[in-house]
Amino acid sequence: MENFIVTTTRKPDSAQEIFAEEISQKLGGKFIQREDFSFDLLKKNHDAENILLVKKNSLSIVTAEGELFFHPNTAHLRIKNLRGGEGDRLIDALKISDGSKVLDCTLGLGSDAIVESFIVGAAGKVVALEINPLIAEIVSHGLKNFSDDSPHILEAMRRVKVINTDCGEFLKTCADNSFDVVYFDPMFRRPIKKSSGLNPIRPLADNRPLAKEIIAEACRVAKFRVVLKEHNGSSEFVRLGFKIVDGGKYSSVAFGVIDKNFFPSVDLNSQAKCKTSVS
Ligand SMILES: C[S@@+](CC[C@H](N)C(=O)[O-])C[C@H]1O[C@@H](n2cnc3c(N)ncnc32)[C@H](O)[C@@H]1O
């Protein structure tokens, strides 16, 4: 767990202070009274890299890259487009619909999970995993409490179930075929800096490449398919055994799929295990 403290805005009310105390006990960071200190001074005085900030109705994390807070971000526009009859690249790759069960292994800021949740509806299920406890906390809090959006988007947010865990460990606990699809959107091997929405997450996010063993477990747990998002041209698709299904020439990102009823010819351990799990 990274080195962080918990504090409030200047002049907090008592509910903020109580909540800040509770979060500090839950996550282990020390609660520090804000008084009139700047973030820089608080970090210096308490030798902290990051600050978990309790505001009146929301949480944020102050990192070296800026302030990270929950917002539906691109999910709002993507859902608007879907409602208008347009497609969505992720949903097309996942091939999910009303009632589907999705395991999203990389929650991040939650935009993809919200769109998945909108599509699968109340009859479906979206479980989203995040290894970093601070990211998991602020996004989970935002999904439950954010209120400035349309009812169908808020309902989609409320349905996402967030778990603070390593996806590799979680997958080991899942039964065979227990989710329809398993999705990975890891931090790209070559970051796209212009996607500035993700910049504040970088100092906190887990940047390790996905292990082949994790993909093999995902193949066991997914009933239909495993999907990977990476930067266009990434060698991760071949290394991990994914077939690119959407890698638009002019797009910076691409989607790869391991389909349980169709195996690309590249012979990788992960695919071998995938085959075994369905036979
Ligand atoms: C690129 S972001 C995901 C963005 C997300 N799809 C969205 O719509 O906002 C990747 C996230 O996955 C998390 N992550 C990386 N490795 C993980 C693991 N083994 N288990 C769970 N989460 C992980 C990172 O900490 C980071 O927050």
Side-chain angles (χ1 to χ4, degrees), residues 1-2 4 27 50 60-61 63 65 68-79 82 88-91 93-94 96 102-119 126-143 146 153 156-157 160-174 179 181-218 221 226-232 234 236 240 252-256 270:
M1 158 75 85
E2 51 289 302
F4 73 98
L27 300 180
N50 302 304
S60 69
I61 311 167
T63 74
E65 292 275 342
L68 177 64
F69 52 88
F70 173 80
H71 189 274
N73 296 315
T74 55
H76 180 92
L77 183 62
R78 288 167 64 190
I79 291 176
L82 280 161
D88 180 272
R89 295 179 68 197
L90 171 64
I91 301 305
L94 294 172
I96 51 172
V102 182
L103 179 61
D104 184 328
C105 285
T106 46
L107 170 75
L109 293 176
S111 301
D112 286 337
I114 297 169
V115 180
E116 291 151 12
S117 173
F118 170 74
I119 289 294
V126 175
V127 176
L129 314 177
E130 172 55 53
I131 196 166
N132 182 282
L134 296 183
I135 299 174
E137 189 67 31
I138 66 155
V139 176
S140 165
H141 183 272
L143 288 166
F146 190 86
I153 297 184
M157 283 182 199
V160 177
K161 181 171 185 212
V162 174
I163 305 178
N164 171 213
T165 185
D166 179 342
C167 63
E169 294 307 312
F170 185 84
L171 281 162
K172 285 183 204 160
T173 68
C174 296
F179 286 89
V181 293
V182 178
Y183 170 55
F184 296 93
D185 175 16
M187 298 305 284
F188 291 171
R189 295 301 89 214
R190 201 182 63 213
I192 300 168
K193 280 284 179 188
K194 72 174 186 223
S195 101
S196 54
L198 275 184
N199 283 346
I201 217 179
R202 294 189 203 285
L204 298 167
D206 192 320
N207 289 302
R208 286 172 301 170
L210 288 168
K212 285 183 186 175
E213 294 70 26
I214 293 182
I215 303 301
E217 280 294 311
V221 169
V226 180
V227 174
L228 172 68
K229 177 166 140 192
E230 251 292 347
H231 68 78
N232 209 342
S234 170
E236 289 296 90
L240 297 169
S252 53
V253 301
F255 292 90
S270 58

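For ligands, and for the atoms within them, numbers begin at 1 and follow the listed sequence.
- Neither the backbone nor the side chain of Leu204 has a heavy atom within less than 4.0 Å of ligand 1.
- Listed by number with element, the atoms of ligand 1 under 4.0 angstrom from any heavy atom of Asp166 are 18 (C), 19 (N), 20 (N).
- Listed by number with element, the atoms of ligand 1 under 4.0 angstrom from any heavy atom of Ser111 are 7 (C), 8 (O), 9 (O).
- Within the 4.0 Å heavy-atom cutoff, Thr165 counts among the residues contacting ligand 1.
- At a 4.0 Å cut-off, not a single heavy atom of Gly168 sits close enough to ligand 1 to count as contact.
- Residue Ser117 holds its OG atom at 11.0 Å from CG of Asp104, rounded to the nearest 0.5 Å.
- Near Ile201, the atoms of ligand 1 lying under 4.0 angstrom from a non-hydrogen atom of the residue are 27 (O).
- Between atom OH of residue Tyr183 and atom NZ of residue Lys229 there is a gap of 4.0 Å, rounded to the nearest 0.5 Å.
- With rounding to the nearest 0.5 Å, the separation of CZ in Phe188 from CG in Asn207 is 12.0 Å.
- Expressed to the nearest 0.5 Å, how far CD1 of Ile119 lies from CD1 of Ile114 amounts to 13.5 Å.
- Here the CG-CG distance, from Asp166 to Leu129, works out to 9.0 Å after rounding to the nearest 0.5 Å.
- For the atom pair CD (Glu130) and CD1 (Ile201), the distance works out to 6.0 Å, reported to the nearest 0.5 Å.
- Residue-level proximity to ligand 1 for Leu107 is carried by the backbone, the only part with a heavy atom below 4.0 angstrom.
- If you check which protein heavy atom lies closest to atom 18 (C) of ligand 1, you get Cys167 SG, 3.6 Å.
- Other residues, nucleotides and ligands place no more than 12 heavy atoms under 6.0 Å from the CZ atom of Phe69.
- Among all protein heavy atoms, the one lying closest to atom 15 (C) of ligand 1 is Asp206 O, 3.4 Å.
- With respect to atom 8 (O) of ligand 1, the closest heavy atom belonging to the protein is Asp112 N, 2.9 Å.
- When only non-hydrogen protein atoms are considered, atom 10 (C) of ligand 1 lies nearest to Asp185 O, 3.1 Å.
- Using a 4.0 Å cut-off to heavy atoms of Gly110, the atoms of ligand 1 that qualify are 7 (C), 9 (O).
- Nearest protein heavy-atom contact of atom 17 (C) of ligand 1 is Ile131 CG2, 3.8 Å.
- Those atoms of ligand 1 with a heavy atom of Met187 less than 4.0 angstrom away are 1 (C), 2 (S), 10 (C).
- The only member of Ile61, Leu68, Val139, Asn164 that meets side-chain contact (heavy atoms from CB on, under 4.5 Å) when paired with Leu134 is Ile61.
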Inset, instruction - Would you sort out whether Phe146 and His71 count as a ring pair (Phe, Tyr, Trp, His ring centres under 6.0 Å), showing the intermediate values? - result: CA-CA 8 Å; Phe146 190 86; His71 189 274; 5.6 Å; yes
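- Residues Leu94 and Glu116 approach most closely at CD1-CG, 3.8 Å, considering heavy atoms.
- Residue Leu109 has at least one N or O atom closer than 3.5 Å to an N or O atom of ligand 1.
- The contact set between ligand 1 and Ile135, taken as ligand atoms under 4.0 Å from a residue heavy atom, comprises 27 (O).
- The distance from ligand 1 to the heavy atoms of Ala205 drops below 4.0 Å at these ligand atoms: 24 (C), 25 (O), 26 (C).
- Taking the six-membered ring for Trp and thresholds of 30 and 60 degrees, Phe179 and Phe170 have ring planes inclined between 30 and 60 degrees apart.
- Protein heavy atom at the shortest distance from atom 11 (C) of ligand 1 is Glu130 OE1, 3.7 Å.
- Side chain of Thr165 to main chain of Cys167: no donor-acceptor pair is present (N/O by atom type, distance under 3.5 Å, no hydrogens or angles).
- Within the 4.0 Å heavy-atom criterion, neither part of Ala113 lies near ligand 1.
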